[in-house]
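Bear in mind that the values here come from a model prediction, so they are computed numbers and not experimental data. A note on names: the letters A, B, ... follow the listed sequences, proteins ahead of strands, and every chain is numbered from 1.
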Amino acid sequence: MIRLYDTLSRKVVELRLRTPGEVSIYVCGPTVYDVPHLGHARTALTYDVLCRYLRWRGLAVRVVSNITDVDDNIIARAAEAGSTEEQVAARFTEIYVNEMTALGVAEPDERPHATGYISEMIEFVQELLDRGVAYVIDGAGVYFDVDRYPDYGRLPHRRPDELRDSAGARVAVDERKRDPLDFALWKAAKPGEPDWESPWMSGRPGWHIECVAMSLGLLGDGFDLHGGGSDLIFPHHENERAEAEAAGHRFAGLWMHSAMVNVGGEKMAKSAGNFRTLADVLALHDPRSLRLAMLQAHYRSTMEIDESVLAGAAAGIGRLDAFARRVGAIGAVDAPARTEDTDAARGAFAEAMDNDMGTPGAVGVVFELLRKGNVALDRGETGAAAAALDTVCELGGALGLRLGAAAVHAEATLEASPAGTPSEAPAPCPSSGAGAADEGIQQRVDERQAARSARDYATADRIRAGLADDGVELEDTPTGTIWRRVR
RNA sequence: GCAUCGGUGCCCGAGCGGACGAAGGGAGCGGCCUGCAAAGCCGUCUAUCGCGGGUUCGAAUCCCGCCCGAUGCUCCA
């Protein structure tokens, strides 16, 4: 039974599916007016891991994640850059998608753009107007009438009067609104702003209606799970919920929110001067290191990211890869499909993940199995080691961690038996092989081996040092020397 | 101010009434293995679980108070 924390009920509840075996998920994507930062990475990674795990559990997952490409920030950005809103949105959408791909975040099944759903939004606003839960203010926009939705405030767990007290505290309230809490479904366009025709006035959609139209439009009423960053709980998600339900639609079955990333003890934000772009991190680190670092914290706890955290995770990735190399170096062996250790690991892994996506525990399980695999290898129990590697790869894969991304070169594996043997590592695991450019290196490795055999360690060490200068690292194993590029 | 979440070893970070004699990762140190490295293994630093009360046969886990921090109430992932 898969259980997740539901923001609405504030409880860890069973994930109930609208259709058995199929999970429908909507994740709020970015507003594309700037480059992605670590917070976007954490949110994307959280739901990427959720989907991968659900698929590993045998469920069919359909995930929709939008791109908000009409918004005040985009308009402001276009104005200051002297370009159009379309250009700004297109540029940052491309960057976002590229960086998510680099991060290893799987493409959602659908990535709708808000601008592609304007007519659906207009219909939806009309539906709300027809039901009398929205009203038009001439020249300003169409507003949702919060008083007509008695459940308002349940998601953020605030009573409307509490919310009302702070509404307008920092934002000027249009006094023509019936209630300060009322929010825009449709905004009248100011001169020069992008706009669409509507039955009320030319303008553009409000933020919340965009997600309602896209989620309900693509996934249908009562889809299973709605996710996003915790900073979206209010007002965005609450307003989405109000709009959808007030229009008579059953909305999300479960609300999931991932926590924020802090830098230097504070929420990362441009205004705090601690803004870290994803590109900055990706330029310095293996994307898997960022993923591991985030996996090692629970998705609901605020986490701190700094160089030491990243470096620590990088070392962990190094161990994972080293294990794959060691096992790879022994070549093909008869590996049992399962052992006591792999069965136990699978069980513990699922147990951790089923319990509100306990990735830190799940990662712990993977590392424990890795250690057992290494012990088996040290003992010469190659079958058990290979079985452990298979499972480490499989479980790592369910978390989006691929092993052995760096090329590994080993004579032993070059001579290994044909593909398809039982011990052959599954797809995400390392494959080896030497390209033409590597022949020179292999030759030097062979020369060093010859020197070692002749006990001419001075020569052997000189060759090794030379290779190190060229960015090639060696590891002597019982089955031969393996080498890899470290830069 | 109101609300929510959190304070666990040198660092990150799980656990959330009994299997905790507190996972896992990282850093340091010692040992084993290795011609030497690398990789690996073992050990260690390494835990009065923010402070003070209480409930309980039993509390890191529940309750009360206090201190500290972050977040939300505002565009925000």
Using whole Å, what does the distance between atom [atom2] of nucleotide [N] and atom [atom1] of [X] come to?
X: A:Leu401; N: B:G25; atom1: CG; atom2: C1'; result: 12 Å
X: A:Lys372; N: B:C41; atom1: NZ; atom2: P; result: 13 Å
X: A:Met294; N: B:A14; atom1: CE; atom2: C1'; result: 18 Å
X: A:Leu395; N: B:G24; atom1: CG; atom2: P; result: 17 Å
X: A:Glu368; N: B:C41; atom1: CD; atom2: P; result: 12 Å
X: A:Arg77; N: B:C75; atom1: CZ; atom2: C1'; result: 14 Å
X: A:Met260; N: B:A77; atom1: CE; atom2: C1'; result: 5 Å
X: A:Arg325; N: B:G40; atom1: CZ; atom2: C1'; result: 11 Å

Separation between the [atom1] atoms of [N] and [M], rounded to whole Å:
N: B:C75; M: B:G13; atom1: C1'; value: 32 Å
N: B:G50; M: B:G58; atom1: C1'; value: 23 Å
N: B:U34; M: B:A39; atom1: C1'; value: 10 Å
N: B:A22; M: B:C49; atom1: P; value: 12 Å
N: B:G9; M: B:C5; atom1: P; value: 22 Å
N: B:C41; M: B:A27; atom1: P; value: 13 Å
N: B:U61; M: B:G15; atom1: P; value: 15 Å
N: B:A77; M: B:U71; atom1: C1'; value: 13 Å

Heavy atoms under 4.0 Å, any strand shown: does [X] hit a base, just sugar-phosphate, or nothing?
X: A:Phe234; answer: sugar-phosphate
X: A:Arg300; answer: nothing
X: A:Leu232; answer: sugar-phosphate
X: A:Asp461; answer: base
X: A:Arg42; answer: nothing
X: A:Asp306; answer: nothing
X: A:Arg159; answer: nothing
X: A:His298; answer: sugar-phosphate

Which nucleotide in the set [options] lies at the smallest distance from any side-chain heavy atom of [X]?
X: A:Glu475; options: B:G13, B:A77, B:A38; answer: B:A38
X: A:Arg326; options: B:A77, B:A39, B:C41; answer: B:A39
X: A:Asp378; options: B:C41, B:G35, B:A14; answer: B:C41
X: A:Arg10; options: B:U4, B:A77, B:G35; answer: B:U4
X: A:Ala315; options: B:A38, B:G26, B:G35; answer: B:G26
X: A:Asp476; options: B:C36, B:G24, B:A38; answer: B:C36
X: A:Pro360; options: B:A14, B:A38, B:C2; answer: B:A14
X: A:Ser301; options: B:A14, B:G24, B:C36; answer: B:A14
X: A:Ala322; options: B:G26, B:G35, B:A39; answer: B:A39
X: A:Asn374; options: B:A39, B:C41, B:A3; answer: B:C41

Margin query: As a test of understanding, state which of A:Lys190, A:Glu80, A:Glu85 forms a side-chain contact (heavy atoms from CB on, under 4.5 Å) with A:Ile75.
Written below: A:Glu85

Margin query: The test is salt bridge (Lys or Arg N to Asp or Glu O under 4.0 Å); show your working for A:Glu475 and A:Arg484 and say whether it passes.
Written below: CA-CA 9 Å; A:Glu475 277 174 39; A:Arg484 74 200 146 99; 3.5 Å; yes

Using purine N1 to pyrimidine N3 plus N6-O4 or O6-N4 for Watson-Crick, or N1-O2 and O6-N3 for G-U wobble, both under 3.5 Å, which nucleotide pairs with [N]?
N: B:C45; result: none
N: B:G40; result: B:C32
N: B:C20; result: none
N: B:G6; result: B:C68
N: B:G1; result: B:C73
N: B:U55; result: none
N: B:A60; result: none

Next item on the list: Look at the side chain of A:His37 and the base of B:A77, then say whether one donor and one acceptor between them are separated by less than 3.5 Å.
Entry: yes

Check: Side chain of A:Arg111, backbone of A:Ile67: donor and acceptor closer than 3.5 Å?
Finding: no

Note to self: Whether the side chain of A:Asp69 engages the backbone of A:Thr115 through a donor-acceptor N/O pair (distance < 3.5 Å, no angle test) should be reported.
What the structure shows: yes

Checklist line | Nearest-nucleotide 5' precedence on RNA chain B, A:Arg371 against A:Ala313 | finding: A:Ala313

Checklist line | Of A:Arg319 and A:Tyr457, the one whose closest RNA chain B nucleotide lies more 5' | finding: A:Arg319

Next item on the list: State whether A:Tyr5 and A:Arg300 meet the cation-pi test: NZ (Lys) or CZ (Arg) under 6.0 Å from the six-membered ring centroid, and within 45° of the perpendicular axis.
Entry: yes

Checklist line | Carboxylate-amine/guanidinium proximity below 4.0 Å for A:Asp476 and A:Arg448 | finding: yes

Item checked: Carboxylate-amine/guanidinium contact A:Arg204 A:Asp72, below 4.0 Å -> yes

Check: Under 3.5 Å, is there a donor-acceptor pair between the A:Asp280 and A:Thr277 side chains?
Finding: yes

Check: Going by ring centres under 5.5 Å and near-parallel planes (under 30°), is A:Phe367 stacked on B:G24?
Finding: no

Notebook entry, point to check: Stepwise, does the ring pair (Phe, Tyr, Trp, His ring centres under 6.0 Å) test hold for A:His237 with A:His208?
Noted result: CA-CA 7 Å; A:His237 287 169; A:His208 325 300; 9.3 Å; no

